[in-house]
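Everything below concerns the one structure shown next.
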Amino acid sequence: MTKVQTIRGPIEVDDLGFTLSHEHLTVGGAAMDRIPSIYNEDEAYALNLQAIALAKAAGVRSIIDLTTMDLGRQVRLLQRVADANTGVNIVCATGVYRWVPAYFLLRDPDEIAEFMLGEINDGIEGTDIRAGIIKLAWDLEYRMDEGPYSPRAALERCARGAARAAKAAGVPISCHTLAADELGTPLLDIFEDEGLDLAAVTIGHSNDSTDLGYLTRIAGRGANLGFDRYGGVRPAEENERRAALASALVAAGYGDQVSLGHDGSPYQRFGMNRPTILDCWTYVPNHEVPWLRANGLSDEQIAGMTQRSVRRTFEAAAAMRRA
Ligand SMILES: [Zn+2]
């Protein structure tokens, strides 16, 4: 049986249950915890416990937290949430966000992989908390391609490092992508070149796209699609477009390769201190799933998106390590 590492230790993959595939306990940037006007740990802790309780009441059993160190991951907070024993599994991430830190800018992929493997196998920042998944982020910076110091060259080295760490440790990779630029395609090309099973890869923020052709090409290569931007911050008609897109993927035979989430956080410090949204993790269970059911999807089909799709990425990743 495949194990998944959570902040409270390993669980069986079958115990993930209803899983939100792309969320953030905290989100901001590296060292935000050193700026008192931006980060307050007690506040972050209290808000997270409330948001997790609301998600749990809505039926959520597991949350994938895709906050890397350079995106404002707070390991002490993760420790406190683990100790609180909320009843919701939380998988935390290693990896690199879209603005590759200067200390990684010219590292070769194996050095980057070594950093990720340390957080997966030994623990994060001297704690017993181990990362269960690798996060990458490719966005606008990918367009900047001039020489070895360019963002694009650094992003590509990070992707190769992530692929090598994923194979060695048997953990999946989940990617923030700029869907408008179809960045899932060059990412999968690199992962394929590194010999990764693409079933262990989630191409996230894919429901920002309106192009069913692009999405079925990604799914057709075996990868998982992150439909991870739903929520009350969007107009109802936009959420409905996103729900219809998920239905279309089910109709195309890829329902078990679509994962749902919000890209939400109760402690949002990205760009600015945003108003707290405590129900940042309830739109999918409370609105998205009922919409899908009302529009003809069976509970079995919906479980493909809320349960089996994420499980499939962990199983494919673990199989690579065993191979
Ligand atoms: Zn995110």
Side-chain angles (χ1 to χ4, degrees), residues 7 19-30 32 38-39 44 47-48 51-52 55 60 62-74 77-78 81 88 90-101 116 119 131-142 155 158-159 162 171-181 183-184 187 201-209 218 223-234 238-239 242 258-274 276-284 288 305 309-310 313:
I7 60 174
T19 303
L20 299 178
S21 62
H22 185 135
E23 311 298 345
H24 302 276
L25 270 61
T26 54
V27 59
M32 71 176 184
I38 293 178
Y39 185 72
L47 294 173
N48 266 284
I52 291 167
V60 171
S62 299
I63 294 174
I64 314 274
D65 176 358
L66 290 178
T67 311
T68 53
M69 179 173 66
D70 53 327
L71 185 53
R73 186 189 63 200
Q74 303 298 327
L77 175 74
L78 292 173
V81 172
V88 174
I90 293 173
V91 177
C92 75
T94 185
V96 184
Y97 195 57
R98 55 189 276 192
W99 301 291
V100 177
M116 295 176 185
E119 294 203 327
I133 193 164
I134 298 169
K135 158 80 171 281
L136 287 178
W138 280 23
D139 208 294
L140 289 171
E141 299 71 36
Y142 185 77
L155 287 168
C158 288
V171 302
I173 302 177
S174 190
C175 307
H176 160 122
T177 59
L178 181 60
D181 282 14
L183 292 185
L187 266 166
V201 176
T202 297
I203 298 300
H205 307 327
S206 286
N207 56 351
D208 287 352
S209 174
I218 295 292
N224 191 43
L225 292 164
F227 276 31
D228 44 41
R229 280 181 170 166
Y230 288 101
V233 294
R234 291 183 178 79
E238 176 57 15
N239 277 310
R242 288 164 187 259
V258 175
S259 300
L260 305 181
H262 306 87
D263 197 14
S265 176
Y267 205 76
Q268 155 74 275
R269 295 296 183 269
F270 193 93
M272 58 189 288
N273 295 5
R274 301 262 175 82
T276 300
I277 302 171
L278 279 178
D279 61 352
C280 57
W281 296 325
T282 60
Y283 187 92
V284 165
E288 171 68 6
M305 291 188 273
S309 57
V310 170
T313 66

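Atoms within a ligand are numbered from 1 in the order they appear, just like the ligands themselves.
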For F270 and G28, work out which heavy atoms get closest and say how close. CD1-O, 3.9 Å
Residue D263 atom name (nearest to the Zn ion (ligand 1); N/O/S): OD1
Looking at every heavy atom in both V60 and W281, which two are closest together, and how far apart are they? CG2-O, 4.1 Å
Compare every heavy atom of T177 with every heavy atom of H205, then report the nearest pair and how far apart it is. CB-O, 3.6 Å
Under 2.8 Å from the Zn ion (ligand 1) - does any N, O or S atom of H205 fall there? no
For N239 and R234, which heavy atoms make the closest approach, and how far apart are they? ND2-O, 3.5 Å
Hey, is there an N, O or S on H24 sitting under 2.8 Å from the Zn ion (ligand 1)? yes
